[in-house]
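What you are looking at is a predicted structure, and each value in this text was computed from that prediction instead of being measured.
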Amino acid sequence: MASSAATSKLIDRSTIDNLAKTQEYAPTPFAIQSINAGDDLPSALLQVLLFQKMQNNIDDTDRHKLLLSDGTYMQLAILRSKYATLIDSDILRIGTIVQLSSYTCQYIWNTRTIVIPSLEVKQIHCLFFGKPRYLFKEQEPEMMSEDKPSISKRSLQFATELPSPQTTTSENISPMKTLNAYQNKCMIKGRVTHKQPIKAYSMATKNGHVFSFDIVDCEGFEIRITCIDEIAKLHSNRVDIGSHYLISKGSIKEANARYNKLNSHLEITLSDASILKHCTN
């Protein structure tokens, strides 16, 4: 097992075979490329270079952004909430070698991102392998340029900043087809195709009101917008079928397919911080 003093040392790919004599695990060569090519690598080993807790407006669970490396390339990833305890207990840390039991590549924040539903920690303390560079240039922050491949103190403190959604118009509108449940900041624009009348509901712990409406964007993608309690009262008389609206700062989550038959698997809930603005076509 490597000493803590050695964790800042970078090791060339050519020395990995020799290092294996003293270190049990090493990243799977070119695993990042293979994952993005759609190859099935259920035993892929990758090294954690950075991690950062994500702001979560959907629920109280913790998710983390990761920067994973195979020694040659590195890529952003999302770790599901059930593995947050590994980070909290210092089992998964910077330098750790993990094995991805399952994964998918999804288009998140307008870039290819690895979503990790299942992993296994193989070795906690490790040296850093290779001089990896980003597989996708748009993910490369200034703090880790190719001219400065080492892990800086600043990058360890702030981790890596995921790129914000790319602007698609001068109004910074995100196409609805690019939305995902991990986004916290986005703006969409659409035409109201249907609205439900405001309804009262009663639960064991509280009573309130709910109001929802459906919008479609210029590409034909649909999504349901839901308002609760005071927000429902505020918007129920403001939203008109056929009118266009800019919507931002809503919470995106998976829709219940049993009640939502739109062509989107997501829905948005508005809060008192959300913005609903009437606009021209």
Side-chain angles (χ1 to χ4, degrees), residues 13 25-56 58 61-84 86-87 92 94 96-122 129-141 144 146 159-168 174-186 188 219 221 223 252-255 257 263-266:
R13 170 60 67 179
Y25 294 97
T28 303
F30 302 104
I32 295 292
Q33 280 184 311
S34 297
I35 288 173
N36 283 274
D39 297 339
D40 186 17
L41 293 176
S43 59
L45 297 175
L46 295 170
Q47 185 167 39
V48 178
L49 297 187
L50 301 171
F51 59 82
Q52 181 183 40
K53 183 178 291 188
M54 297 170 59
Q55 181 182 356
N56 189 356
I58 301 174
T61 58
D62 291 333
R63 296 182 179 90
H64 289 80
K65 310 169 188 175
L66 301 182
L67 184 61
L68 298 179
S69 166
D70 61 13
T72 302
Y73 292 101
M74 51 188 173
Q75 185 178 356
L76 298 173
I78 291 176
L79 184 64
R80 293 289 172 85
S81 56
K82 65 180 180 180
Y83 292 102
L86 294 178
I87 294 176
L92 194 157
I94 293 174
T96 294
I97 299 292
V98 297
Q99 178 177 311
L100 306 190
S101 303
S102 62
Y103 60 84
T104 60
C105 272
Q106 297 183 18
Y107 198 67
I108 301 175
W109 296 289
N110 281 3
T111 187
R112 293 273 290 179
T113 304
I114 302 172
V115 177
I116 309 171
S118 179
L119 63 71
E120 179 183 353
V121 173
K122 305 301 289 188
F129 288 86
K131 295 182 179 180
R133 60 187 184 274
Y134 282 89
L135 183 62
F136 300 102
K137 285 292 185 180
E138 67 269 19
Q139 297 182 4
E140 183 174 345
M144 292 188 67
E146 289 189 40
T160 182
E161 290 298 328
L162 289 172
S164 58
Q166 299 293 317
T167 56
T168 56
S174 298
M176 280 159 50
K177 67 180 180 181
T178 67
L179 298 182
N180 61 80
Y182 299 99
Q183 282 178 281
N184 296 312
K185 296 180 180 179
C186 68
I188 61 174
E219 297 182 358
F221 285 86
I223 199 164
I252 307 174
K253 65 179 182 180
E254 295 287 335
N263 62 17
S264 173
H265 65 285
L266 301 171

Heavy-atom closest contact ([X] atom, [Y] atom, distance):
| X | Y | result |
| --- | --- | --- |
| Cys186 | Ile252 | SG-CD1, 3.7 Å |
| Ile35 | Cys105 | CG2-SG, 3.6 Å |
| Leu179 | Ser174 | CD2-CB, 4.3 Å |

- Message: Please determine whether side-chain contact (heavy atoms from CB on, under 4.5 Å) holds for the pair Leu92 and Ile87, giving the CA-CA distance in whole Å, both sets of side-chain angles, and the decisive distance to 0.1 Å.
- Response: CA-CA 5 Å; Leu92 194 157; Ile87 294 176; 4.0 Å; yes
Nearest 0.5 Å, please: how far is [atom2] in [Y] from [atom1] in [X]?
| X | Y | atom1 | atom2 | value |
| --- | --- | --- | --- | --- |
| Ile114 | Leu79 | CD1 | CG | 12.0 Å |
| Leu46 | Leu100 | CG | CG | 5.0 Å |
| Leu66 | Leu76 | CG | CG | 9.5 Å |
| Tyr107 | Thr113 | OH | OG1 | 9.5 Å |

- Of all residues at least two apart in sequence or in a different chain, which pass the salt bridge (charged side-chain N to carboxylate O under 4.0 Å, His left out) check with Glu120?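 Salt bridge (charged side-chain N to carboxylate O under 4.0 Å, His left out) list for Glu120, sorted by chain: Lys122.
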Would you mind reporting whether [Y] and [X] have side-chain heavy atoms less than 4.5 Å apart?
| X | Y | answer |
| --- | --- | --- |
| Asp70 | Thr28 | no |
| Ser69 | Ile32 | no |
| Leu49 | Leu68 | no |

- Hey, what's the ring geometry for Phe30 with Tyr73, parallel, tilted or perpendicular (30° and 60° as the breaks)?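 It falls in the tilted class, 30° to 60°.
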Pairing residues for [X] by the side chain to side chain contact (heavy atoms under 4.5 Å, CB included) criterion, not counting sequence neighbours:
| X | result |
| --- | --- |
| Asn263 | Glu222 |
| Thr96 | Arg93, Val98, Val121, Ile124 |
| Ser43 | Gln99 |

- Task: Could you walk me through whether Gln33 and Leu135 pass side-chain contact (heavy atoms from CB on, under 4.5 Å), step by step?
- Result: CA-CA 8 Å; Gln33 280 184 311; Leu135 183 62; 4.0 Å; yes
- Message: Whether the side chain of Arg112 engages the backbone of Phe136 through a donor-acceptor N/O pair (distance < 3.5 Å, no angle test) should be reported.
- Response: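 A pair under 3.5 Å: no.
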- With sequence neighbours left out, what residues match Tyr103 under side chain to side chain donor-acceptor pair (under 3.5 Å)?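 Not a single residue meets the side chain to side chain donor-acceptor pair (under 3.5 Å) criterion with Tyr103.
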- Message: Going by the rule side chain to side chain donor-acceptor pair (under 3.5 Å), which residues pair with Gln106 if we only count those two or more places apart in sequence or in a different chain?
- Response: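 Gln106: side chain to side chain donor-acceptor pair (under 3.5 Å) contacts with Thr104.
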